[in-house]
Amino acid sequence: MNGRALTLVNAAGCLVLGLLLVLQWHKERGLDGRIQQLKVSLVAAQDEHAAACERVKMLESDQQMLKDSIGSLQQAVEAGGKLLAERDGEVADLEIELATLDAQVTALDAQLHTWQNAVSERDTRIRSLNAELTSARRRLDEAIAKLKAAATAR
């Protein structure tokens with residue numbers, strides 16, 4: 001092979017390598033964009049989780065207050081046993097209020113379970129997205145290693 005042909009082959013090889021580098025750079029840039037999107041969605045999900053946790057704490061506090069209120073109402077009913085004959089009408093009203101509070105507690109429990117399930121599903125989704133991200137990064141690292149090995153082999 002003469003020097004001119006070797007130069008042309010070398011130039012073609014450089015052009016192909018340059019094209020491969022541009023393609024790899026473009027692919028990595030797309031993956032970096034996806035990583036940034038996932039990070040943004042992760043932050044948003046964490047914010048939603050924190051807000052949901054705050055709501056859960058508030059609901060648990062409200063639930064505890066309702067339970068304490070129910071307990072204090074029951075103690076008041078026991079202490080007011082002497083006045084039972086005089087206050088039958090008031091006891092009936094308290095029983096209605098107690099039933100309403102129990103219904104509210106039941107509704108709050110159901111809502112709390114719904115939120116806990118939603119948080120659990122969101123956590124599962126975050127874990128799967130993180131696994132996908134790790135897998136994509138590993139494949140990218142393997143591709144870079146293969147590209148370096150191919151460059152070293154030449």
Side-chain angles (χ1 to χ4, degrees), residues 15-154:
L15 183 63
V16 168
L17 283 176
L19 180 61
L20 285 174
L21 285 174
V22 167
L23 289 175
Q24 185 63 35
W25 171 78
H26 181 66
K27 182 180 176 183
E28 187 173 329
R29 194 168 164 216
L31 288 174
D32 284 342
R34 177 70 176 141
I35 287 170
Q36 290 303 320
Q37 289 174 347
L38 289 173
K39 284 182 180 179
V40 168
S41 66
L42 176 63
V43 168
Q46 287 172 338
D47 290 345
E48 289 177 21
H49 179 261
C53 286
E54 286 298 317
R55 287 191 299 265
V56 165
K57 286 179 184 177
M58 287 179 13
L59 288 173
E60 288 174 347
S61 173
D62 290 346
Q63 182 183 16
Q64 186 59 43
M65 287 176 27
L66 288 173
K67 286 180 180 180
D68 292 344
S69 175
I70 289 170
S72 67
L73 286 174
Q74 289 173 342
Q75 289 175 356
V77 168
E78 290 173 0
K82 297 174 185 174
L83 303 175
L84 185 60
E86 299 172 0
R87 305 204 178 190
D88 279 340
E90 292 177 9
V91 170
D93 291 342
L94 287 175
E95 288 175 355
I96 291 171
E97 186 176 335
L98 181 62
T100 303
L101 289 174
D102 281 338
Q104 289 174 352
V105 166
T106 303
L108 287 174
D109 275 338
Q111 189 175 14
L112 177 64
H113 289 299
T114 301
W115 285 346
Q116 286 173 337
N117 290 339
V119 167
S120 175
E121 290 174 11
R122 195 231 40 232
D123 287 345
T124 302
R125 183 168 171 248
I126 287 172
R127 281 192 286 281
S128 70
L129 287 174
N130 192 25
E132 289 176 18
L133 179 63
T134 303
S135 175
R137 184 61 193 186
R138 184 182 40 78
R139 289 192 313 266
L140 179 61
D141 289 342
E142 290 172 1
I144 289 171
K146 286 180 183 178
L147 188 61
K148 285 180 180 179
T152 305
R154 287 187 176 203

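On a predicted model such as this, the values are computed, not experimentally measured, just so you know.
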*Asks:* How long is the gap from CE on Met58 to CE on Met65, to the nearest 0.5 Å?
*Replies:*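 Result: 11.0 Å between the selected atoms.
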*Asks:* Could you walk me through whether Asp68 and Gln64 pass the side chain to side chain donor-acceptor pair (under 3.5 Å) test, one step at a time?
*Replies:* CA-CA 6 Å; Asp68 292 344; Gln64 186 59 43; 2.8 Å; yes
*Asks:* Please check this pair: side chain of Ser61 against backbone of Lys57, looking for a donor-acceptor N/O pair closer than 3.5 Å.
*Replies:* no
*Asks:* Any heavy-atom pair between the side chains of Arg139 and Thr134 that's under 4.5 Å?
*Replies:* no
*Asks:* If I compare all heavy atoms of Arg122 with all of Ala45, which pair ends up nearest, and what's the gap?
*Replies:*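 Shortest heavy-atom contact: NH1-O, 3.1 Å.
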*Asks:* What is the distance from atom CG of Asp102 to atom CD of Glu97, rounded to the nearest 0.5 Å?
*Replies:* 11.0 Å
*Asks:* Among Ile96, Leu73, Thr106, exactly one meets side-chain contact (heavy atoms from CB on, under 4.5 Å) together with Leu101. Which residue is that?
*Replies:*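 It is Leu73, the one option of Ile96, Leu73, Thr106 that forms the side-chain contact (heavy atoms from CB on, under 4.5 Å) with Leu101.
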*Asks:* Quick one: does any side-chain atom of Ser120 pair with a main-chain N or O of Gln116 as donor and acceptor, under 3.5 Å?
*Replies:*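 Between the backbone of Gln116 and the side chain of Ser120 there is no qualifying donor-acceptor contact (under 3.5 Å).
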*Asks:* Residues two or more places apart in sequence or in another chain: which of them pass side-chain contact (heavy atoms from CB on, under 4.5 Å) with Ala118?
*Replies:*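 In terms of side-chain contact (heavy atoms from CB on, under 4.5 Å), with neighbours along the sequence ignored, Ala118 is linked to no residue.
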*Asks:* Taking 4.0 angstrom as the limit, do Arg138 and Glu142 come out as a salt bridge?
*Replies:*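 Salt bridge between Arg138 and Glu142, a charged N being under 4.0 Å from a carboxylate O: yes.
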*Asks:* Using 0.5 Å steps for rounding, measure from the CG atom of Asp109 to the CD atom of Gln63.
*Replies:* 4.5 Å
*Asks:* Would you find more than 12 non-hydrogen atoms of other residues, nucleotides or ligands less than 6.0 Å from Arg125 atom CZ?
*Replies:*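 No, CZ of Arg125 has 12 or fewer neighbouring heavy atoms, counting only those of other groups under 6.0 Å.
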*Asks:* Start with the C-alpha distance between Glu28 and Ile144, add both sets of side-chain angles, then the distance that settles side chain to side chain contact (heavy atoms under 4.5 Å, CB included), and finish with yes or no.
*Replies:* CA-CA 10 Å; Glu28 187 173 329; Ile144 289 171; 4.0 Å; yes
*Asks:* Using only atom types and a distance under 3.5 Å, with no angle test, would you say the side chain of Thr152 pairs donor to acceptor with the backbone of Lys148?
*Replies:*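 Side chain of Thr152 to backbone of Lys148: a pair is present.
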*Asks:* Find out whether Leu108 and Glu60 are in side-chain contact, i.e. whether some heavy atom of one side chain is under 4.5 Å from a heavy atom of the other.
*Replies:*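 Answer no - side chains too far apart.
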*Asks:* Enter the distance from Asp62:CG to Gln104:CD here, rounded to the nearest 0.5 Å.
*Replies:*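 Reported to 0.5 Å precision, the distance equals 10.0 Å.
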*Asks:* From Leu42 CG over to Leu129 CG, what is the distance, rounded to the nearest 0.5 angstrom?
*Replies:* 9.0 Å
*Asks:* Report yes if the side chains of Leu23 and Lys27 come closer than 4.5 Å at any heavy-atom pair, otherwise no.
*Replies:*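 The answer is no, as the side chains (C-beta and beyond) never meet within the 4.5 Å cut-off.
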*Asks:* Could you give the distance from CG (Leu133) to CG (Leu31), rounded to the nearest 0.5 Å?
*Replies:* 9.0 Å
*Asks:* Does Arg127 have any salt bridge (charged side-chain N to carboxylate O under 4.0 Å, His left out) partners at least two apart in sequence or in another chain, and if so, which?
*Replies:* none
*Asks:* Per the side chain to side chain donor-acceptor pair (under 3.5 Å) rule, what does the pair list look like for residues 30-54, sequence neighbours excluded?
*Replies:*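 Listed once each, the pairs would be none.
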